[in-house]
Structure formats: structure tokens, C-alpha cells
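As C-alpha cells, the structure follows; a few thoughts come after it.
Just so it is clear, the structure is predicted and the values come from calculations on it, not from any experiment. Convention: sequence-line order gives letters A, B, ...; per-chain numbering from 1.
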Protein chains: 2
Amino acid sequence: MTTINDIAKMANVSRTTVSRVLNNNGYVSESARERVMKVVEETGYIPSVSAKSLRTKRSGVIGVILPKISTETASRVVGGINEVVAKEGFQILLTDTELNHEKEIEYIRLLHSRHVDGIILLATNVNDRLLHAIEDARLPFISLGQELPGVTSIVYDDYHASKDMTNMIINKGHKKIAYIGVGEDDPAVGVLRKQGFIETIEEAGLKLEESWLSYGDFSIESGYESMKQIIETNPGNFPTAVFVVTDRMAIGAMEYLKEQGLQIPQDIAITGIGASVMSKYVSPSLTTIDYFNKEAGIMAAELLLEQLQDQNTNKKFLQNYRLIERDSV
Amino acid sequence: MTTINDIAKMANVSRTTVSRVLNNNGYVSESARERVMKVVEETGYIPSVSAKSLRTKRSGVIGVILPKISTETASRVVGGINEVVAKEGFQILLTDTELNHEKEIEYIRLLHSRHVDGIILLATNVNDRLLHAIEDARLPFISLGQELPGVTSIVYDDYHASKDMTNMIINKGHKKIAYIGVGEDDPAVGVLRKQGFIETIEEAGLKLEESWLSYGDFSIESGYESMKQIIETNPGNFPTAVFVVTDRMAIGAMEYLKEQGLQIPQDIAITGIGASVMSKYVSPSLTTIDYFNKEAGIMAAELLLEQLQDQNTNKKFLQNYRLIERDSV
DNA sequence: GAAACGTGTGTAATCGATTCCACATACTCT
DNA sequence: AGAGTATGTGGAATCGATTACACACGTTTC
């Protein structure tokens, strides 16, 4: 490995001067600059990032913590983040919590020790230890998907999205509407979406049977099972529509309905949330809500870069959404 | 930030001893070890990775170069890689070439300068400058998806997979089979898959019309357009089956056929490659080939970790595949 | 009882950069 | 002419870890 010292010797200057040339600061004569650049090009020298980062406390790396790496949402968000930070010469250091809350905290500390310049967390829950870990890291920090107190957050408008969707279902004349959700340790998907649904149902004066509520774990299979449960526990009293909080679970639910020979949407209508690519190509195509994940990633990255300059903004940003009406309702 | 010096002072030992405790090497008395551990836990001290990496030349980071970050294939592979390397305490540094060949080279050099311990490249093409860059980096290196001479490569068996698929189509009685592919600068998807298809067609003594060949760019839309082109340029002489080299393009093609009121598979059968989640849930469900992307990622990571120990293995590994017959043929 | 070895600890050099400071010129302004 | 400023350069400290080496002590071994 060639180092700055080698370059200095070869160009007949001190390493101070080499550093000045490379970082474009301080006075350097034209001739010295040319000599240095020539040697740099000839040798293909690249400065050691470790040394640089040790000295400057900046690494040019952004840490990203994902709940699950191989999901459409995650990869769209990461794509958005990457688009922005790559332009500024940053890299992404990726970690995957596999939906394990402990790991979120562990990874924050780990990224910290790696001297990342900032962290973007696709949060799935809120708890004191997590907030503490963020506080301790004292790093530019963005939470995406959940509102974390004291942290700049970008959140999807889950509540209103759910209300809009539910209202749309009601306006189509449905009165018996079932719900497939996820656990309430997830404040956004688990709590807000449910709240939007239930409040809208109540506002419309509709009845809500306990047996029409079921819960999955984000997977297609769990959507299938939840739908099965609802159908099997309500013989002769099927709901006429099902509000499902994610596209994947909605698609699982559709599978079950199709297997049972039930027509969508004639017998039972169904909706999802997330605007996955799949939602467009299943039959019937799925009515869903687009959260603009990539744009959210872009926004997160931009806010983070801003924080790298100025001090903490610590605001909350509501990402907008769009209801996509298709053939499943 | 607490440093090793702070810990040393607080525990009343030299920083050498602290380092010994943390890295578990050399002799340390039980009492010293306990004192150090106590202080470490109290302070939540984490060693600076930059300093460590500067000294040891190892960073605990694996560089991954993707052609496109937000695709199902990429995220499955990364998921597999992550599963393996995370267990060994490695992180993933992610870069995205956005299908730009120049960036592959640029990123290899950049990852090198970041002292990554190894690189996994999801290659999309082969050229001398790329090989040169890999050589220069002198790093444990794995190529996934393309065979690179002199580099340990994991390749999908595109040729035989295509042959199997084509044979399966032929065995169903089809004689007029169209092809939707991608550009031939991609040796695996563009060349091998086409070769497998064409050779099988010829072996079976079938005719191959030039107008039954069409090319897209991996996107769903390009599949749609390619299908449209084939249908429009062959009025009254439609093929009865279409071999498409990726699921996404196949799904685009299906869209067009459905729009035209053509029945799949009765009027025209269709096949994809890739076993995307979507392929299972479109109607009719798509016959495709599963390349076990996640397993390929796992294998890549394992091979890389092996290379970190021993010296260059430099072998070629053929990943196996599985034909999934569904309702589109 | 001396040599050899095992155990425990600390000193100091080192990795490859950045940056403060000192110093040397050359030019401008009263 | 002398002070002040702009320009150019290098010496040396520094960031926070690892590790070769030296040393001290206790225990075996012949």
C-alpha cells in the first residue's frame, strides 16, 4: 500500500503539502500541486480512510438499520437513501435487525463505534432503552416510519391513510368489514392503522364484531391464516370486505379466498397498504395505498445531510400518500 | 468519547492490559481482567474501529457491489450474505452501480481504500478493466452471477436452466416458441440463457423465426413492449409459447397478452426465470426457475470468509436451480 | 542452585492521515 | 524603511488502538 509518506517523498514535498493538495485547503504553489497530482495519478494512491477517520472523526459512512433487509419496502427506502448520499460521496453501512428489538440498540452502538457520520433507522417500535441509545450516540439521527420523541422523524400518515381507505370501502356500500392487522408493539402499523380503521367504522355507525379482527406477522402466509380464521369462525356471516394493513398479508388473504372459491370483490372485497409491485399484478389487482417509500428514503437522507451541517433540527415530517383504487374492491 | 486510555486509568492498568482483555490474548491476571471488564461495562466503552483498523489493516467490513439495490434478486442475495457475515461480526458496506459498468471499477477502488476485508460483486458484465481493478485490489473477492477468470465465482447454471425450461415447453407440444431476452453485454442473462434456448430449439428440429425474438431491459414495462412487438409483427402467426428470461419481463408480457384478451396458457403459454415472489401470485401463476438467490448469497459469504483465512481458492461454483411448474404453461 | 520456563505487566513504536504552529519569502502600504 | 499581510512549506503532535520487547517474579527441572 502506498501511503501519504510515499507520495510526499516521490513528489519531493512534505506530507503536509500532499494533504493540502488532496483536501484542497491551505496554500500550495502551482508547481507543488502539479507534482503531487502527477505522482498520485501514477501510483493510483488512495488515502487510508481509517487513518483519516481516526484523525477527523468523520468516516463518510451513513449507517442504516433495517428491520428486514429483503423486503420491498426496505429496498425501496435504501434505494432512495443511496441515491442521495452517494452523490455526496457517502457510503451506506447496512445492518439488519431481523425484527429483533434488542439488535436495534446493539447496532446503534456498533455503528457509533464505527464512526459513522449519521444513522437512519427504519424503526418498528419505541422504547426507552432505544431512545437512550440514540441519545448516547450523539449522532445525526433520523427515524423513518415511527415517531421517536426528540429525534427527527419521518412518518407515514398511517392514521389518515387508514381512515381514507376505510371510508372508501364504506362508500362502496360495505357494512360488514373485517380487519387483518399486526401486533400493537408496532406503533405505526399495529396501532395507528388499526385506530384509523376502527374510528372510521365507529364514525359511520357500523358494527364491529370481535371475530372479524385477526392478526398476522407481516408474512403472506400469516395473511392466509388470518383470513382463514375469520372465514372459519364466522360461518354464514361472512364480512363483505376486509381491510388488511399490508399488501403481503392482503395477498395471502386473497389466496385463501380464491381457494375457497369466493369471488373478489363480488363476494368479499379486500384492500392492502404499501403499493408493492405485486399488488398491481395479482388478480384481481389490489386496491392499496402508496407510501412513496423511495421518496421517504430520499427525504431521510436529505434531512440527515442537513443535520451533518447544521445542528439538530428535530422535527417531525409527515410523508404523504396516495390511495390507488384497483379491482379488489 | 471514552478511549482505551481512559479505561486504563480507571482500571489502574496500562492500556496494553486493556487491549489484552478486550482481545483475549496474552496473559492477564484474573483480578486485572475483572477490573477492566467492570470499567468497560460501566462506561459502555466501545473501541474505535478506525484506530483498530488503521493498526491491524482489517476493518470487519465486507463490501458488496450491486447492480441495482432495489430488486428482489439483490435483496435476497444481500439477505443471505448478511446472515452469514453478521454471525462473524462483519458489517456490510453497500454500493449500487445503477447498472453503470464504470462504477463497478470505481467502487472496487473505493472499497479498497476503505480497508474492507473482502468484496462480493454481483457482476453483470466482464471486461479487462474490471479484471484489472480486481487484481489491483488484491483482496479476497467473490463474483456472483458471472464467471470472472481468475476470480472465485459463483454462477447460476443459466445454460442448463434454459435448456430444461425450453425442453419442458417443447414437451408440452409447443412448436412455435418466441423469446424475450436482454442485451448480450450481459454474459449470463443475455448470452447463456439465449444460447440454452436456441440450442434446444434447434436440437428439437424446430423453426425459429427472427420476428419471434425480442429484447428488453429487465423492466416489467420492457416485457410488455417486447410482447407487443412480437404479437404485432406476427399477425395471424402467433407463437404458442414465449420463453422470457426474467420473471419481471414475463409479467409485463402477461399483462399485454391479457389486455389483448389472449388466454394464458391456452392461447399462448409463458415462462419466466427467477422465482420472484410475484411469480407465484400473478394469474395464472408463472412457471419459472428458482435460482436460490439467498443460498447463493450465503455461499458467496462463506467462500469469502474462507478466503479471509486461507489463501485464494479461485474456483468456479455452479449454483443449482429448480424448475417450478405452475399454471402459465 | 542455576538455567529454563510460565505468567503478568508496562513502555514505547507504530499504523496513515490531519492540522497547529513556526518560519521563510515576497509584496503592499503608510 | 519598517510594519503588516498574503503566500508557501515543513516539523511535529495528535487521533486510539495493537504489539514487539523488556522486565519481574514464581515455579520446574536437572
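dA13(D) atom C1' lies 8 Å from atom CZ of Arg55(A), rounded to whole Å. Atom-to-atom, NZ of Lys57(A) to C1' of dT19(C) comes out at 14 Å; the value is rounded to the nearest Å. Per the geometry, CZ belonging to Arg35(B) stands 13 Å off C1' belonging to dG10(C), to the nearest Å. In this structure, Glu34(A) atom CD and dT9(D) atom C1' are separated by 17 Å, rounded to whole Å. Between Leu54(A) atom CG and dG16(D) atom P the separation is 7 Å, expressed in whole Å. In this structure, CD1 of Ile4(B) is placed 14 Å from P of dT11(C), rounded to the nearest angstrom. Atom C1' of nucleotide dA12(C) and atom CZ of Arg15(B) are separated by 8 Å, given to the nearest angstrom. Distance, Lys9(B) NZ to dG16(D) P: 11 Å, rounded to whole Å.
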| message | Between Gln146(A) and Asp186(A), does the side-chain hydrogen bond (donor to acceptor under 3.5 Å, both in side chains) criterion hold? Intermediate values first, please. | response | CA-CA 9 Å; Gln146(A) 307 275 350; Asp186(A) 183 321; 2.9 Å; yes
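A 6.0 Å sphere centred on NZ of Lys68(A) holds no more than 12 heavy atoms belonging to other residues, nucleotides or ligands.
Residue contacts shown for Thr3(A) are limited to sugar-phosphate atoms, with no base heavy atom under 4.0 Å away. Heavy atoms of Val13(A) sit under 4.0 angstrom from primed sugar atoms or phosphate atoms, though from no base atom. Contacts of Ser19(A) with the nucleic acid, taken as non-hydrogen atoms under 4.0 Å apart, include base atoms. Heavy atoms of Thr16(B) sit under 4.0 angstrom from at least one base atom.
For Ser48(B), counting side-chain heavy atoms from C-beta on, the closest listed nucleotide (dA17(D), dC15(D), dT19(D)) is dA17(D).
A close approach under 4.0 Å does not occur between any side-chain nitrogen or oxygen of Thr56(B) and OP1 or OP2 of dC15(C). Within the structure, every side-chain polar atom (N or O) of Thr17(A) is placed at least 4.0 Å from both OP1 and OP2 of dG8(D). OP1 or OP2 of dT7(D) has at least one side-chain nitrogen or oxygen of Tyr27(A) nearer than 4.0 Å.
In terms of position on DNA chain D, the residue among Tyr45(B) and Arg20(B) whose nearest nucleotide sits closer to the 5' end is Tyr45(B). If you find the closest nucleotide of DNA chain C to Glu30(B) and to Asn5(A), the one lying nearer the 5' end belongs to Glu30(B).
Checked by atom type and distance alone, the side chain of Asp117(A) never pairs as donor or acceptor with a backbone atom of Ile62(A) at under 3.5 Å.
Taking both residues in full, the closest heavy atoms of Gln91(B) and Leu110(A) are given as OE1-CD2, 3.2 Å, listed atom of the first, atom of the second, then distance.
Remark: the Asp96(B) side chain and the Tyr107(B) side chain contain no N/O donor-acceptor pair separated by less than 3.5 Å.
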